[in-house]
Structures are given as structure tokens and as C-alpha cells.
Asks: 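Dropping a structure here in C-alpha cells format, bear with me for questions.
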Amino acid sequence: MSLLQLDNDPQLQGIANEIFRQLFQQMPQLDEPAKRNIRQAIACNLGDICAALELEDNKLFTYSTGWFYRLLCPRMPSRTTEAIKDLILKGYDMFGAYAGKRIGPGKQKQLQERMRSAVAAAGREHENSSCASNDTEDSYGKEIQELLDCLLSSQIRDAIFLVSEYRKRGIPLEDIYVDITAGSMRRVGDMWHQYAISEAQEHYCTATAQLALAQFYPVIFRQERKRRKVLVACVGSELHEMGARMVADLFEYDGWDSIYLGAEVPIDSILSEAKRSGPDLLALSVTLPQHLLDCREAVRQARRRFPDMRLAVGGNAFSHTDDIWEEWEVDVYTKDARDLVKWADKAMG
């Protein structure tokens with residue numbers, strides 16, 4: 001278990017509230033939805049910082065701080081970049097004093113230096129990007145934008161038609177899943193993470209994208225079987241399940257039998273199902289960095305109880321770390337479902 005947990009910790013919650021109070025003094029024009037967004041952002045930021053501290057991962061510190069910094073930039077146009085950095089540091093000082101008591105005096109100085117380094121890195125990133133998005137080129141950029149436009153404008157029929165049309169054009173099913181649909185959803189996730197769209201819109205986009213992909217199940221389940229089994233789950237309190245769902249679907253399309261447990265699965269439940277079903281591969285998915293600690297614990301327990309079972313981890317959270325999976329007893333980390341299926345076929349035949 002982590003030494004630092006935001007949930008059910010009144011003192012840490014109090015720090016989050018105090019950080020919000022001080023920020024709100026600088027942004028009195030915020031309406032109620034914006035206030036909720038900022039409160040949620042502070043809680044998310046502290047949750048990520050707790051995970052980064054426990055995992056001793058500098059890249060995660062910088063990522064979380066940079067995200068919070070970019071979130072504040074457009075909402076505080078009258079403040080200089082130095083003033084915004086000072087506000088973040090002031091909040092981190094409060095958190096650092098609390099965390100220092102929990103981690104011992106030997107690490108307090110290290111913690112403070114790490115936080116200040118992360119804020120400085122966020123400032124440099126801001127100056128280089130002017131808080132702008134830095135999207136990479138996508139091989140299916142046109143298709144991604146088409147689907148994204150349908151999702152954001154609530155055109156469910158057009159979204160379902162588009163996804164079906166991509167298949168008719170000869171685009172491989174794996175590419176429709178990983179490149180086009182997941183690419184669109186990454187952009188949706190980025191917009192939600194910056195509070196450019198509401199939580200309701202993010203949920204609608206996810207549900208519609210899943211419905212659009214569901215039309216491929218008659219094709220997916222007709223494939224020749226390979227007598228291999230994969231168990232897929234979002235570990236701990238992770239709610240974002242679409243990536244894990246794609247893993248299960250593409251393994252089925254490759255001829256594997258999949259056992260998909262979905263979102264927010266307790267570690268004990270994952271292990272119980274692994275014992276009952278005896279999968280060849282256990283695949284754990286994490287989207288938000290604060291859930292990496294639960295994933296690490298799940299890996300530890302699974303490796304101890306099932307030494308011969310292959311273990312895989314993946315999800316967006318790992319891309320913001322210094323390759324922490326290399327320190328875990330996993331067989332593989334992959335960036336997407338398509339790569340994991342390819343690895344499994346090569347590793348297990």
C-alpha cells in the first residue's frame with residue numbers, strides 16, 4: 001500500500017481545499033462548473049504526485065505538474081508565468097510539509113527539490129509551447145478527425161456508419177481499433193483532461209465509440225480458435241476501460257478466448273479469477289497515473305501466486321513514467337492492444 005493516499009485522508013483533502021482557496025482568490029470570476037473542474041484538477045494532481053513519490057519516478061512528477069500548469073495558464077490570463085509557477089510552488093510547499101512527515105526526514109529535502117524541478121520543467125515547457133497542444137502526425141489523421149467530429153457533435157448514427165465504412169474501404173480491423181478509434185478517444189481524453197469538454201460529453205463519446213466497434217463482433221467471434229486464454233482487467237479503482245476492452249476484442253479476433261473483467265476490479269478479484277480460469281496471459285490496464293500503485297501491487301501478488309503465468313501491463317499512465325515497468329516482474333509492456341497481440345503470438349505461439 002502507498003504511504004500517501006488522497007482518498008479518505010482528511011489532512012490531505014484539507015491541503016487540496018486550501019490550494020483551491022488560494023487559487024480561487026486569483027480567479028474570482030470562475031463559475032460553478034469551472035470551480036468543480038479546478039477542485040477536481042487539484043485532487044487529481046495531488047493523487048498523481050502521491051503516486052510519483054511512492055514510485056520514485058521523476059518523469060511522472062514533471063508530467064503531472066506540467067498538466068496542472070497548462071490547465072491554469074488559459075484560466076489566469078492576467079497572471080504572469082512566474083506568478084502561476086509561484087502559486088503552484090506554494091501549494092506544493094503545503095503538500096511537501098505534510099508528505100515529509102509521512103516519508104521521514106531523510107527524504108524531505110529530496111521531495112522539495114523534486115517538486116521545484118518539476119515546476120521549473122513545466123515552466124520551460126509552457127514557454128516553448130505557449131500552452132498549445134503538441135499533437136503528433138497520425139497515419140489516419142483524416143479518419144480520426146472525421147470520427148472525432150461525429151462524437152463531439154453527438155451524431156451517433158454517423159459515427160457508427162463511419163466505423164463500418166472504414167472496414168468496407170479495406171482498413172484492417174486492428175487499425176480501426178488502435179489507430180482510428182483509440183486515436184479519436186485519446187483526443188477526447190485530452191480535451192476532458194483540460195476541461196474543454198464536460199464529463200458527460202466524455203462519457204457519451206466513449207459509449208458511442210464502444211457501440212460503433214460492437215458491430216464487428218460477428219466477425220471477431222468467427223475466427224479460428226487457438227486454445228489460448230487471456231484475462232483482461234482495469235486494476236484497482238481505474239474506471240477508464242476502453243483500452244482494456246480493445247485488448248480483449250483484438251485477442252478474440254486473433255483466436256484467443258478472452259475473459260474481460262472491465263473497470264475498477266479489486267486485486268483480490270483479479271487473482272481469484274486467475275486461479276479459477278487459469279489464463280495463459282494476464283493483461284492489466286491503467287489510464288490515470290494515480291492507479292499505477294494498485295497495478296504494481298497486483299503484479300507483485302500475481303507473480304508470487306502464479307509464477308508460470310505471463311503478465312502484461314499497458315495503458316496511457318505508463319507513457320508518463322520513466323519506464324517503471326522495467327522494475328516490475330512483468331513479461332511485457334506494450335503501447336496498444338495490437339502490439340500486445342503480436343507479442344503474445346510470438347512469445348507463446
Side-chain angles (χ1 to χ4, degrees), residues 41 44-45 47-71 114 117-118 121-122 124-126 128-129 131-141 144 148 174-175 177-194 202 206 209 232-247 250 263 283-296 298-299 311-328 330-343:
C44 185
N45 181 241
D48 289 350
I49 292 296
C50 287
L53 177 62
E54 186 75 8
L55 294 167
E56 298 184 348
D57 193 282
N58 288 322
K59 185 177 179 180
L60 183 52
F61 267 99
T62 303
Y63 160 74
S64 183
T65 304
W67 164 73
F68 191 47
Y69 190 80
R70 290 191 300 274
L71 180 71
R114 185 175 292 171
S117 175
R124 291 192 297 271
E125 179 181 338
H126 168 74
N128 292 332
S129 66
C131 288
S133 173
N134 186 28
D135 291 336
T136 57
E137 291 291 326
D138 296 294
S139 56
Y140 292 99
I144 290 172
L148 180 64
E174 299 92 336
D175 292 1
Y177 264 75
V178 173
D179 293 322
I180 299 174
T181 307
S184 297
M185 290 309 302
R186 275 193 297 273
R187 295 188 185 183
V188 168
D190 289 342
M191 294 175 72
W192 171 75
H193 216 183
Q194 290 295 325
E202 189 265 347
T206 301
V232 185
C234 299
V235 67
S237 53
E238 177 61 69
L239 293 171
H240 296 79
E241 63 171 319
M242 191 162 184
R245 175 75 267 179
M246 288 184 172
V247 169
L250 290 188
L284 301 176
S285 176
V286 185
T287 299
L288 298 182
Q290 58 195 270
H291 303 308
L292 287 168
L293 295 170
D294 285 330
C295 187
R296 182 179 67 174
V299 166
L311 297 177
V313 295
N316 189 58
F318 288 95
S319 66
H320 304 305
T321 72
D322 285 317
D323 300 344
I324 57 171
W325 63 87
E326 294 180 352
E327 302 174 6
W328 300 2
V330 299
D331 293 285
V332 68
Y333 155 81
T334 62
K335 292 183 179 181
D336 58 56
R338 180 178 52 204
D339 287 347
L340 180 56
V341 172
K342 290 179 180 177
W343 173 86

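Throughout, numbering of the chain's residues begins at 1 and tracks the sequence.
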Asks: Counting C-beta onward and ignoring hydrogens, is there a side-chain heavy-atom pair between Leu288 and His240 closer than 4.5 Å?
Replies: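 Yes; the side chains approach each other to less than 4.5 Å.
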
Asks: Where the side chain of Thr62 meets the backbone of Asn58, is there a donor-acceptor pair that is under 3.5 Å apart?
Replies: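 Yes, because the side chain of Thr62 sits within donor-acceptor range (under 3.5 Å) of the backbone of Asn58.
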
Asks: Are the side chains of Leu284 and Val299 in touch, meaning some heavy atoms are under 4.5 Å apart?
Replies: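 With C-beta onward as the side chain, the pair touches.
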
Asks: Begin from the C-alpha positions of Leu55 and Thr321 and carry the test side-chain contact (heavy atoms from CB on, under 4.5 Å) through to its verdict.
Replies: CA-CA 9 Å; Leu55 294 167; Thr321 72; 5.7 Å; no

Asks: Can you see which heavy atom on Ile144 is nearest to which on Asp179, and at what distance?
Replies: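 Taking Ile144 first and Asp179 second, the nearest heavy atoms are CD1-O, 3.4 Å.
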
Asks: Out of curiosity, Gln290 CD to Cys44 SG, how far, rounded to the nearest 0.5 Å?
Replies: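 That separation rounds to 5.0 Å.
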
Asks: Going by salt bridge (Lys or Arg N to Asp or Glu O under 4.0 Å), name the residues that satisfy it together with Asp57, two or more places apart in sequence or in a different chain.
Replies: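 So Asp57 forms no salt bridge (Lys or Arg N to Asp or Glu O under 4.0 Å) with any residue.
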
Asks: What pair of heavy atoms forms the shortest contact from Met185 to Ala209, and how long is it?
Replies: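 Closest pair (atom of Met185, atom of Ala209, distance): SD-CB, 3.9 Å.
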
Asks: Report the residues that fulfil side-chain hydrogen bond (donor to acceptor under 3.5 Å, both in side chains) with Asp322, sequence neighbours left out, ordered by chain and then residue number.
Replies: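 side-chain hydrogen bond (donor to acceptor under 3.5 Å, both in side chains) check on Asp322 returns nothing, list empty.
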
Asks: For Ile180, is there any backbone N or O sitting under 3.5 Å from a side-chain donor or acceptor partner on Asp175?
Replies: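 No, the answer is negative, given that no donor and acceptor are paired below the 3.5 Å cut-off.
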
Asks: With a 4.5 Å limit on heavy-atom distance, are the side chains of Thr334 and Val332 in contact?
Replies: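 In contact.
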
Asks: Applying salt bridge (Lys or Arg N to Asp or Glu O under 4.0 Å), name anything that partners Asp339, two or more places apart in sequence or on another chain.
Replies: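 Residues passing salt bridge (Lys or Arg N to Asp or Glu O under 4.0 Å) with Asp339: none at all.
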
Asks: Rounded to the nearest 0.5 Å, how far apart are CG of Leu340 and CZ of Arg338?
Replies: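 Leu340 CG to Arg338 CZ: 12.0 Å, rounded to 0.5 Å.
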
Asks: Going by side-chain hydrogen bond (donor to acceptor under 3.5 Å, both in side chains), name the residues that satisfy it together with Ser184, two or more places apart in sequence or in a different chain.
Replies: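 Testing Ser184 for side-chain hydrogen bond (donor to acceptor under 3.5 Å, both in side chains), a comparison that skips the adjacent residues, returns none.
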
Asks: Will you find, in the side chains of Asn316 and Thr287, an N or O donor that is under 3.5 Å from an N or O acceptor?
Replies: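 Absent: no donor and acceptor within the cut-off.
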
Asks: How far apart are the C-alpha atoms of Leu60 and Ile324, what are their side-chain angles, what is the distance that settles it, and do they pass the side-chain contact (heavy atoms from CB on, under 4.5 Å) test?
Replies: CA-CA 10 Å; Leu60 183 52; Ile324 57 171; over 6 Å; no

Asks: Identify the two heavy atoms, one from His291 and one from Val235, that lie closest to each other, and give their separation to 0.1 Å.
Replies: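 Scanning both residues completely, I find the closest heavy atoms to be O-CG1, 4.4 Å.
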
Asks: Testing the basics here: between Tyr333 and Ser319, what is the closest heavy-atom pair and its distance to 0.1 Å?
Replies: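 Closest pair (atom of Tyr333, atom of Ser319, distance): OH-N, 4.3 Å.
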
Asks: May I ask you to decide whether Lys59 forms a salt bridge with Asp323, counting only side-chain N to carboxylate O separations under 4.0 Å?
Replies: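 No.
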
Asks: Using side-chain contact (heavy atoms from CB on, under 4.5 Å) as the criterion, list what pairs up with Glu327, not counting sequence neighbours.
Replies: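 For Glu327 there are no side-chain contact (heavy atoms from CB on, under 4.5 Å) partners, ignoring immediate neighbours.
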
Asks: Quick one: closest heavy-atom pair of Trp328 and Cys295, and the distance?
Replies: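 That would be CZ3-SG, 3.8 Å.
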
Asks: May I ask you to test the Leu53-Phe61 pair for a side-chain heavy-atom distance under 4.5 Å?
Replies: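 The answer is yes; the side chains approach within 4.5 Å.
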
Asks: What's the shortest heavy-atom distance between Asp294 and Ser237, and which atoms?
Replies: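 Here Asp294 and Ser237 meet closest at OD2-N, 4.0 Å.
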
Asks: With Tyr177, which residues qualify under ring-ring contact (aromatic ring centres under 6.0 Å, His included), at least two apart?
Replies: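 Tyr177 satisfies ring-ring contact (aromatic ring centres under 6.0 Å, His included) with no residue once adjacent residues are dropped.
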
Asks: Please name all residues satisfying ring-ring contact (aromatic ring centres under 6.0 Å, His included) with Trp343, sequence neighbours left out, ordered by chain then number.
Replies: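 None.
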
Asks: Mind checking the OH-NE2 spacing from Tyr63 to His320? Nearest 0.5 Å is all I need.
Replies: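 Going from OH on Tyr63 over to NE2 on His320, the span is 3.5 Å.
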
Asks: Which residues pass the side-chain contact (heavy atoms from CB on, under 4.5 Å) test with Ala244, sequence neighbours left out?
Replies: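 By the side-chain contact (heavy atoms from CB on, under 4.5 Å) rule, Ala244 matches Val232, Cys234, Tyr260, Ser285.
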
Asks: side-chain hydrogen bond (donor to acceptor under 3.5 Å, both in side chains) with Asp48: which residues, sequence neighbours excluded?
Replies: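 Once residues adjacent in sequence are excluded, Asp48 has no partner under the side-chain hydrogen bond (donor to acceptor under 3.5 Å, both in side chains) criterion.
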
Asks: When you compare the side chain of Asn45 with that of Leu71, does any pair of heavy atoms fall below 4.5 Å?
Replies: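 Answer no - side chains too far apart.
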
Asks: For Ala182, which residues count as a side-chain contact (heavy atoms from CB on, under 4.5 Å) partner, sequence neighbours excluded?
Replies: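 Testing Ala182 for side-chain contact (heavy atoms from CB on, under 4.5 Å), a comparison that skips the adjacent residues, returns Arg186, Met246.
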
